[in-house]
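The model shown is predicted, which means the values in this text are computed figures rather than measured ones. Heads up: numbering here begins at 1 and tracks the sequence.
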Amino acid sequence: MKNSQKQKSALYARKSTESEDKQVQSIDDQIRIMKDIAQDEGLDIVEILIESKSAKAPGARVEFEKMMNSIQEGKYNVILAWDTSRLSRNAKDGGDLQWLLDSGALSGIRTHEKWYRENDELLFTIENSMNSRFIKELKVKVKRGMDSKASKGDYPGCPPVGYMNDYREKRIIKDPEMWDKVMALWKKALTGIYTVSELTRIADEELRIKTPQKKRTGGKALCHNAVRNLLSNPFYVGKFKWGGRIYNGNHPSMITDSDFDHMQEILEPGHTSRPQKDPYDFILRGMLTCSECGYAIVTEKKYKKLSDGTTKEYRYCHCCGKNPKHRCKNKSVYVREDELINQIKNELSKYTIDEDFFQLAIEALAEEDEIEVSKQNENIARYDQQVAKKKNELDSLRRSVYTGVITDIAFFHSEQESLEKDIEVLRRERDAIIMAAKDWRSKATDIFMFARYAKEDFDSDDWERKRTVIKRMGADLKLSGRTIVFTPVKYLVPIANQRLKLNSQSTSSRTTPQQMKKDLKEDLISLWCARLDSN
């Protein structure tokens, strides 16, 4: 279709990869063919835009956005592109192009096969949907192929340092430059006499281990986390993780299963310089950090010989002082472990309630629960009505297209998307109310259960129960000098602040009329229910 007067156009060519050695010919072919078509159609090419980006996500292509802005400014009104898939593979960019056609800002899109003009919006919409669908199907196919490869024992990714891909044989083999170096690092690590920081230095300065070299990345020394991940990676025993599962790999193993298990014991928190034959479980292990440097608090044993010839064992806690950039003053501050335990008991006493008070609190929560459930049922019914109304509007909109009342397809898609979003938001809000209704009573009861039985659990001989109490009592426990700094859970704060007053009311309610119990229940509800609702 030739025009007597030349129209101004932009030639857009795109390849889907940023790699310089892939699809290069594709760009040249697109430009050459579309230039010939422009000459035949009498189109004046004002600008040629070349992009090396995927079109599966909107807003990622600089040249495409530049072209769209130029069209709106009136710089040109025709797009030349090899195929609609070069322009868009997502619904947003396709919709923007369609809107430019509908509004007249864009008089046409010319591909190597056909023209797309204002009257061809339905065909253009279908093709754009097919382009978007292609990306989704490709993603599913790629994942399925990689999962299949993993199930056969072939790792579907880049192997870790010490290994390399043999692209000809399509398998993973030993890296001749790094294999012996990484094996030497494993041997040193398995002795248990080196920290991860020391192993990081050895890997860089002595063994010269580098990350796999790629075109733009790699070839660098291993960092602290990379060394730790290396020593935790089952790949070196001939296995690999993929999709949340462990597979037996076809690649060569570097160490044995027993060596790997031994290494994991060395890497466990609480390990200092070497694996201990009889490790001592510090009750606050992993839950207590230094208030100054943020590093872990460790424990160690000290022995004192008494006058009667016997030896007494003491356990002291202090900051590990392993921050390489900060000399922590708390490293030399030692505090007895039993003193820290006493501090925890004192903190627990702030939240402890007796059996009578516990029963009264549960009764108060049960009464409030009935009121809350009634309110939330009303809210749920209101949301159901709003969802039903939006669904009726959506049905009416679709019928209008079916009967021909609405002929503007772009308007239909816009209104349909808006209504579907409104319905989804209403359903989420409704589901949130339902979940809150289910969760309210159990959460409130759980808080008072903790306040009733936590102290008894901590005084028991069960080590895990003691640790559970500490975890639930507060978050972000810090040791400042010789004192634990507690940050209690917000729902427990009212117990600490009002415990004496409420306990006094609880005692009075046992001997005074029913009105006293009612007043106490109202105080309980005002203190805790607002906090539960704000979560």
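For the pair L190 and M263, the minimum side-chain heavy-atom distance is below 4.5 Å. Residues K149 and W242 fail the side-chain proximity criterion, which asks for heavy atoms closer than 4.5 Å. With a 4.5 Å cut-off on side-chain heavy atoms, I341 and F458 count as touching. Using a 4.5 Å cut-off on side-chain heavy atoms (C-beta onward), V182 and D175 make no contact. Inter-residue side-chain proximity for T211 and L222 is flagged as met; some heavy-atom pair is nearer than 4.5 Å.
Checked by atom type and distance alone, the side chain of Q343 pairs as donor or acceptor with a backbone atom of R482 at under 3.5 Å. Put simply, the side chain of N346 gets close to the backbone of N342: a donor and an acceptor are under 3.5 Å apart. A donor-acceptor contact shorter than 3.5 Å is absent between the side chain of E420 and the backbone of E415.
Between Y247 and F240, the two ring planes are parallel [angle under 30°; tilted spans 30° to 60°]. The aromatic rings of Y155 and F235 lie perpendicular to each other, with more than 60° between the two planes, well past the 30° mark. Classification of the F260-W186 ring pair by plane angle, with boundaries at 30° and 60°, yields tilted.
Shortest non-hydrogen contact noted between C328 and C293 is SG-SG, 3.8 Å. Heavy-atom minimum distance, V196 versus H224: CG1-NE2, 3.5 Å. Scanning both residues, K92 and P58, for their nearest heavy atoms gives CD-CB, 3.7 Å.
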*Verdict with supporting geometry, R201 and E206, salt bridge (Lys or Arg N to Asp or Glu O under 4.0 Å)*: CA-CA 8 Å; R201 180 192 60 78; E206 297 182 16; 3.6 Å; yes
*Are E65 and R61 close enough, and set up right, to give a side chain to side chain contact (heavy atoms under 4.5 Å, CB included), and what steps lead you there?*
CA-CA 6 Å; E65 297 297 330; R61 295 177 291 162; 5.6 Å; no
*Step by step, work out the side chain to side chain contact (heavy atoms under 4.5 Å, CB included) result for L340 and L479.*
CA-CA 9 Å; L340 296 182; L479 184 61; 3.8 Å; yes
_For a side chain to side chain contact (heavy atoms under 4.5 Å, CB included) check, start with the C-alpha distance between C290 and I297, then their side-chain angles and the critical distance, and finish with the verdict._
CA-CA 6 Å; C290 177; I297 299 299; 4.1 Å; yes
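A salt bridge links E424 with R428: the distance from a Lys NZ or Arg NE/NH1/NH2 to an Asp or Glu carboxylate oxygen falls below 4.0 Å. By the 4.0 Å N-to-carboxylate-O rule, K478 lies too far from E292 to be salt-bridged with it. For the pair D338 and R336, the salt-bridge criterion is met [side-chain N within less than 4.0 Å of a carboxylate O].
Enclosure of atom NZ in K210 by more than 12 non-hydrogen atoms of other residues, nucleotides or ligands within 6.0 angstrom is indicated. Dense packing is recorded around NZ of K181, with more than 12 heavy atoms of other residues, nucleotides or ligands lying under 6.0 Å away. With a 6.0 Å radius and a threshold of 12 heavy atoms from other residues, nucleotides or ligands, E177 has its CD atom at or below the threshold.
Atom CG of D422 and atom NZ of K389 lie 11.0 Å apart (nearest 0.5 Å).
Side-chain contact of S258 with T256: a donor-acceptor pair under 3.5 Å is present, judged by distance alone.
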